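Okay, structure first, notes after.
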Amino acid sequence: MTALSKITAAALLCSAAVMQAATPVYLDDSQPLEARVQDALSRMTLAEKIGIIHAQSKFSSPGVQRLGIPGIWCTDGPHGIRPDVLWDEWDQAGATNDSCVAFPALTCLAATWNPEMAALYGRSIGEEARYRNKNVLLGPGVNIYRTPLNGRNFEYMGEDPYLTSRMVVPYVQGVQLNGVAACVKHYALNNQEVDRDHVNVLVDDRTLHEIYLPGFKAAVTEGGAWSIMPGYNKYDGDHACENSVLLLDILKGDWGFDGVAISDWGAVHNTDKVARNGLDMEFGSWTNGLNWGASNAYDDYFLAKPYEKLILEGRLPESDLNDKAARVLRLIMRTEMNRNRPYGSLNSDEHYAAARKIGGEGIVLLKNDGGLLPVPADVKKLLVVGENAIKMMTVGGGSSSLKVQREVLPLDGIRALAAGRGIDVAYERGYVGDVTGEYNGVTTGQDLNDERSAEQLIADAVKAAREADMVVFVGGLNKSDHQDAESTDRTSFSLPYNQDAVIEALAAANPRTVVVNLTGNAYSMPWLDAVPAVVQGWYIGSEAGNAIADVIFGDVNPSGKLPFTFAKELTDYAPHATADAEMYPGVNGDVRYKEGLGVGYRHTDRLKPSRVNFAFGHGLSYTTFDLGKAQLAGDGRFTEASGVTVDVPVTNTGSRSGSEVVQVYVRDVKSSLDRPYKELKAFGKVQLAPGATTTLSLNLPKEAFAYYDPATKLWTIEPGKFEILVGTASDAITSRLPLTIKESFTWHD
């Protein structure tokens, strides 16, 4: 054999060996997932394992090219698929095919009190993510509404852990039907934006488990979430991304989570802690993960070269890295390497219809004295007032900001339906708020400048109101800093931009004035007694104007219920009741949840009813319902296996079809530990034609009667007397059923 032949033969042998080593046997879909994960892991070098657990760009991580393993692409956000940015910059990539449908904010979804809407939402947004080739959707958010000042409350599902738990499960399942991972956030206790990067939350174990963890637990144990995002904040001294109690003991221990814990962007601070304490992937921007950069920035991440160096020096075990890499491989195989996942769709008619349906069902009719709504037939001249009637709300607010294909504004939606009814619609500004309309290179293209003084704006609106048959004021908050926006909290419980004065002036000029507020938070209502009708409109997204018009004109009968309490003043919420800075926003970096379980209605229900404008679970309809006498099903006895079931007759006593939400609360009459007076433990939504009656059966499993015992770390039911309260809001109880549990029960998470 010639020298050349020997070289050629050697090269062929070498090439064959390399090809054999790189053959992706684990791609064989006939093999179980775990077998494929372990096979892939066994073929990877130390450097390759390190490579797949940290970012390579703003929103992506590398795979293993040698083995044919693709990387991961993440996307914000919980309400729509964020536009593409440059590889290593927040600036827009300049794509022309990355617009999306903006779905309603999650406060609106929660206000539907309908898990079927959550399933529709998850499936629809998952289809958009899949079409855009995103593997991980950074959402939904399930942090609890502790204070109405939290600028990010609009991204979450309200104040109650049970409602949040029931709504998050179908959302997660719907997203993941598309081969896209839901990344549930922000785990855990991310309840304020003030000092969010470093604030240390101090909360007792019982409150942690009963109030702040159930939504995450349900997403993992029932929804099967494939990923989860620890937040920026600290819990008990350690950042959430480096917290062994949250990540190892609870998430991966108690709940058996087999997915990937993905850091919030720039939320990692220490290689040793993050390597040992359960985080699996580090994402961020530039060198420090957030706001400054250098060349080869991603190699300098805490879970990159610094981690590899500590392993090579024998200072950290490779076993922890193997667990992280295996989890990332599992995620990749569930998403990008899942050959059976559907193709998805983007900006489809079905998605716009879903957004409109969810929005219409989530809008809450708070007040409707004299049946002013829907718009009466005698109205021929309708005046719309307010900046939010003409302002795009899909741009801004932080990472959930979107680039939409279209957004129907409230004024346009109202005009479209009014035209078909022969109603002339005029518009007046009333007030000027934020006129900017830009976020990360996406602009609304609106020119909202108005040179009139505040006094002139009100005067012009009042003059038009006197000439109109009816007035619809569309105001509220917006996505600007210190309103409903990431990274800042509100500085006031009041509506901004002098809106209270505008509403009072309109009500004085025209007694048929309706207030429609678009917000993700509660607010004070000094004008409440002066107006006959109030509508809570939320941030509804692409179909905002149509959904609002549907409700105002009666094409949709409102059925939304509040997912959080609308108290009169800020001091009516527990964290603000005593002006104790340790409770909010914190002192010397520590914020203490001294209120314990007293969050939302668990606190306000113990106050005088006069301190609440609208209670948790409140919401009116254009028809009326009667809840008959509730009864315990069967022999009415509680069993550990099946709990107890409540049967509730519901009758539509009005003149049109509509939906009602039956809410079931549990009260422990006497407990060795202090418990809230009542807690939501079941609900069901039913649609009925006029005059129709049905019986809704709602099960209360053993978990509905338990509390978390911090001494034993067990869920506990004490024998004794309980009371089951049935109604249509936390302050509208129609039936009380006594129940005696004769045995004690305990169990671990």
Side-chain angles (χ1 to χ4, degrees), residues 107 141-159 185-204 207-208 211-213 229-243 246 264-267 269 290-291 396-400 477-496 519-524 564-600 602-604 611:
T107 44
V142 294
N143 293 103
I144 292 296
Y145 187 112
R146 176 178 179 253
T147 165
L149 298 186
N150 182 12
R152 217 164 180 182
N153 277 335
F154 74 96
E155 293 190 40
Y156 303 141
M157 299 188 188
E159 71 188 27
K185 61 184 189 181
H186 301 88
Y187 181 70
L189 301 163
N190 186 177
N191 306 116
Q192 66 184 64
E193 293 297 285
V194 174
D195 196 29
R196 66 173 182 169
D197 297 338
H198 305 289
V199 66
N200 180 36
V201 176
L202 300 172
V203 61
D204 66 90
T207 300
L208 175 69
I211 302 294
Y212 295 103
L213 292 185
M229 179 187 287
Y232 286 116
N233 58 286
K234 295 177 183 176
Y235 160 60
D236 200 22
D238 287 321
H239 281 94
C241 287
E242 302 162 4
N243 197 294
L246 291 177
D264 207 339
W265 268 228
H269 301 83
L290 197 61
N291 56 19
S399 58
S400 64
L477 304 177
N478 57 41
K479 301 291 190 66
S480 303
D481 287 350
H482 302 295
Q483 296 202 48
D484 285 323
E486 181 182 357
S487 79
T488 62
D489 280 354
R490 298 166 68 194
T491 58
S492 171
F493 189 55
S494 301
L495 291 176
T519 77
N521 264 305
Y523 42 88
S524 61
F564 51 80
T565 303
F566 272 61
K568 282 188 177 295
E569 301 293 343
L570 183 63
T571 52
D572 295 322
Y573 296 89
H576 306 281
T578 60
D580 184 348
E582 285 192 326
M583 297 178 69
Y584 177 89
V587 175
N588 296 326
D590 291 339
V591 59
R592 298 179 183 274
Y593 288 17
K594 296 179 183 180
E595 74 278 7
L597 304 176
V599 176
R602 288 167 169 81
H603 170 74
T604 56
R611 299 312 307 161

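Quantities reported herein were computed from a predicted structural model and do not represent experimental measurements.
- Ion pair Asp264/Lys185 not flagged as a salt bridge, since none of the NZ, NE, NH1 or NH2 atoms sits closer than 4.0 Å to an Asp/Glu carboxylate oxygen.
- Under the 3.5 Å distance criterion, with hydrogens and angles disregarded, no donor-acceptor pair is assigned to the side chains of Glu569 and Ser524.
- A salt bridge links Arg146 to Glu595: one of the charged nitrogens lies within less than 4.0 Å of a carboxylate oxygen.
- For the pair Ile144/Tyr156, no side-chain contact is recorded, criterion being any heavy-atom separation below 4.5 Å from C-beta on.
- Considering all non-hydrogen atoms of both residues, Ser480 and Ala485 come closest at O-CB, 3.3 Å.
- The heavy-atom pair separating Tyr573 from Thr565 by the smallest distance is OH-O, 2.7 Å.
- Side-chain contact check for His186 versus Pro230: every heavy-atom pair is 4.5 Å or farther apart.
- Judged by distance alone, the side chain of Gln192 and the main-chain N or O of Val194 form a donor-acceptor pair under 3.5 Å.
- Put simply, CG on Leu570 and NE2 on His576 are 4.5 Å apart, with the number rounded to the nearest 0.5 Å.
- At least one side-chain heavy atom of Met229 sits less than 4.5 Å from a side-chain heavy atom of Trp265.
- Considering CD of Glu159 and CD1 of Ile211, their distance stands at 9.5 Å, rounded to 0.5 Å.
- Taking OG1 of Thr147 as the reference point, atom CZ of Phe493 lies at 9.0 Å (rounded to 0.5 Å).
- Residues Ala574 and Gly598 approach most closely at CB-O, 3.2 Å, considering heavy atoms.
- To the nearest 0.5 angstrom, Tyr232 atom OH is 9.5 Å from Ser487 atom OG.
- In this model, no donor atom of one side chain and acceptor atom of the other lie less than 3.5 Å apart for Tyr145 and Asn191.
- A donor-acceptor contact shorter than 3.5 Å is absent between the side chain of Arg196 and the backbone of Val199.
- Between Arg611 and Asp572 a salt bridge is recorded (basic side-chain N to carboxylate O distance below 4.0 Å).
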- Task: Give the C-alpha distance, both sets of side-chain angles, the deciding distance and a yes or no for side chain to side chain contact (heavy atoms under 4.5 Å, CB included) between Leu477 and Arg490.
- Result: CA-CA 10 Å; Leu477 304 177; Arg490 298 166 68 194; 3.8 Å; yes
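- Contact detail for Ser492 and Ser494: the closest heavy-atom pair is OG-N, 3.0 Å.
- Put simply, the side chain of Asn153 never gets that close to the backbone of Gly520: no donor and acceptor are under 3.5 Å apart.
- Atom-to-atom distance recorded for Asp590:CG and Lys234:NZ is 8.0 Å, nearest 0.5 angstrom.
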- Item | Test side chain to side chain contact (heavy atoms under 4.5 Å, CB included) applied to Val142 and Tyr187, step by step | CA-CA 8 Å; Val142 294; Tyr187 181 70; over 6 Å; no
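- For the residue pair Asn143/Asn190, the side-chain donor-acceptor check at 3.5 Å is not satisfied.
- Glu486 places no side-chain N or O within 3.5 Å of a backbone atom of Arg152 that could act as its donor or acceptor partner.
- Between Tyr593 and Leu189 the shortest heavy-atom distance is OH-O, 3.6 Å.
- Residues Pro148 and Ala522 approach most closely at CB-O, 4.5 Å, considering heavy atoms.
- Proximity of a side-chain donor or acceptor of His482 to a complementary backbone N or O of Asp489 within less than 3.5 Å is detected.
- Thr207 and Asp204 share a side-chain donor-acceptor pair at under 3.5 Å.
- Between the CG atom of Leu246 and the OH atom of Tyr235 there is a distance of 6.5 Å, given to the nearest 0.5 Å.
- Looking at Glu193, its side chain never comes within 3.5 Å of a backbone N or O of Thr488 through a donor-acceptor pair.
- Using modelled atom types, one side-chain atom of Asn200 and one backbone atom of Asp236 make a donor-acceptor pair closer than 3.5 Å.
- With 3.5 Å as the limit, one finds a donor-acceptor pair spanning the side chains of Asn521 and Asp484.
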